[in-house]
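Input: a single structure, listed below in structure tokens.
In what follows, every chain begins at residue 1, and chains take the letters A, B, ... in the order their sequences are listed.
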Number of protein chains: 2
Amino acid sequence: MSMHYDEGKEKFIQAWGTLGSAWGINKAMGQIHALLLISEEALSTEEVMEELQISRGNANMNIRALIDWGIVSKAYKPGERKEYFTTGKDVLELARQVSRERRRREIEPVMRVLEEMQQVEGDTAEVAHFKTVTKDLEGFTKQVDGALDKFIRSDKNWFFQVLMRLMK
Amino acid sequence: MSMHYDEGKEKFIQAWGTLGSAWGINKAMGQIHALLLISEEALSTEEVMEELQISRGNANMNIRALIDWGIVSKAYKPGERKEYFTTGKDVLELARQVSRERRRREIEPVMRVLEEMQQVEGDTAEVAHFKTVTKDLEGFTKQVDGALDKFIRSDKNWFFQVLMRLMK
DNA sequence: TTTAACTTTCAGTAAATATTGAAAGTTAAA
DNA sequence: TTTAACTTTCAATATTTACTGAAAGTTAAA
């Protein structure tokens, strides 16, 4: 029923990587994030390479990507030239950041396309149906987008209050 | 500023396919779903193949996958032996179904791993930190999972009320 | 400056994923 | 039954995506 640290660590990193791929983030990116999450100290590229058995190029590119997503940041150690990396340990803040990015990268482009669809011309039933469906999608997407925006801007208390109320 | 139906249709199918890949669903699956969404009539495998220019095997497999997800269903036309396929036009119901499946396929497995992590033994600071982080993730995941569950079981009114309240 | 510690890039390769099409399987009607 | 309309499977192939490692680029210290 118990488990050694190394085994647990391995399992967690694996699981986080898998979750990553299911969500369109790549595996290595998820694994690096997991590793930084459970590490109290900031890690260097070398250390990441070593722990995950991946190449320098791979480590570097995925660390960059995590920085782009705004969920990993650089840390310099006094007197050291090397770069180290950490990720915030606040899960809510992480969720917020991921929401922010996905909203920007995925929801917004699709919303723009859906809006455009109202410009389709023609008075056939086919066109009418097309516009109805895309308008519905647009309406729904807008609602979700608005809620997401609220979440992104909200503070901790607001979020947990909403969750609580939501679950009655 | 206006647009022909065929152009709009093409754009929409493309966008829906792209959104699909960003969400771990494959492109063809997204495109087939888009096509069924905007089609009032149920379509046959042949028609899907023709419209999207994909092979029989591809069409068949992805239609199956959509059925597995519970978002496409078979429809038989009277006197016809061939199978036809449709998808519900209710966007909220679609969202609910997708949430249900993702919850089952992704959230649940990761939650089980996170729970397991409390079984890690050892009294070092490292282990303590590991448990803290994974416990936080577990707590957050549980909350979201609960809210999702509520959403999945809820009706239309509840959902829009929540969204409204949420957006103040 | 030069050097050396470090980071980034990228062409080549490997791995994973999606797609094809023809053959095998199934089942309603003749 | 047989036939033929239809659906499913799956080995081969193509496409996409990820990864490597060495070379090029950068920058602090000597």
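Nucleotide dC19(D) forms a pair with dG12(C), judged by Watson-Crick or G-U wobble geometry with both contacts under 3.5 Å. The pairing partner recorded for dA28(C) is dT3(D), the criterion being a Watson-Crick or G-U wobble arrangement whose two distances lie under 3.5 angstrom. Nucleotide dA18(C): paired with dT13(D) (Watson-Crick or G-U wobble, both distances less than 3.5 Å).
Of all nucleotides listed (dC6(D), dC10(C), dT7(C)), dC6(D) comes nearest to the side chain of K82(B). Comparing dT8(D), dC19(D), dT9(D) by their closest approach to the side chain of M61(B) singles out dT9(D). With distances taken from any side-chain atom of S55(A) to the nucleotides dT7(C), dT19(C), dG21(D), the minimum falls on dG21(D).
Between I32(B) atom CD1 and L35(B) atom CG the span is 8.0 Å, to the nearest 0.5 Å.
The distance between atom CD of E80(B) and atom C1' of dT27(C), rounded to the nearest whole Å, is 16 Å. Summarising the geometry, the separation between CE on M29(B) and C1' on dT17(C) is reported as 14 Å, rounded to the nearest angstrom. Atoms NZ (K27(B)) and C1' (dT19(C)) sit 11 Å apart, rounded to a whole Å. Separating the OH atom of Y76(B) from the C1' atom of dT27(C) is a distance of 11 Å, rounded to the nearest angstrom. If you measure from atom CE of M49(A) to atom P of dC19(D), you get 14 Å, rounded to the nearest angstrom. Between N26(B) atom CG and dA18(C) atom P there is a gap of 5 Å when expressed in whole angstrom units. In this structure, N62(B) atom CG and dT19(C) atom P are separated by 6 Å, rounded to whole Å. Look at CG on L52(B): it is 10 Å from P on dT20(C), rounded to the nearest Å.
Residue order along DNA chain C, read from the 5' end via each residue's closest nucleotide, puts K74(A) first among K74(A) and I25(B). Nearer to the 5' terminus of DNA chain D, by closest-nucleotide assignment, is the contact made by E46(B) (compared with the other of E46(B) and R81(A)). In this structure, R56(A) and R64(B) both approach DNA chain D, and ranking their closest nucleotides by distance from the 5' end singles out R64(B).
More than 12 heavy atoms of other residues, nucleotides or ligands lie within 6.0 Å of CG in D155(B), so this atom counts as buried by the packing criterion. The number of heavy-atom neighbours closer than 6.0 Å to CD of E50(A), taken from other residues, nucleotides and ligands shown, is 12 or below.
Classified by interplanar angle (parallel below 30°, tilted 30° to 60°, perpendicular above 60°), the ring pair F130(A)/F12(B) is perpendicular.
Using a 4.0 Å heavy-atom criterion, one finds that N60(B) contacts the bases of the nucleic acid, with or without backbone contacts as well.
An OP1 or OP2 oxygen of dA18(D) is reached within less than 4.0 angstrom by no side-chain nitrogen or oxygen of N58(A).
Here K142(A) pairs with E138(A) in a salt bridge; the nearest charged N to carboxylate O distance falls below 4.0 Å.
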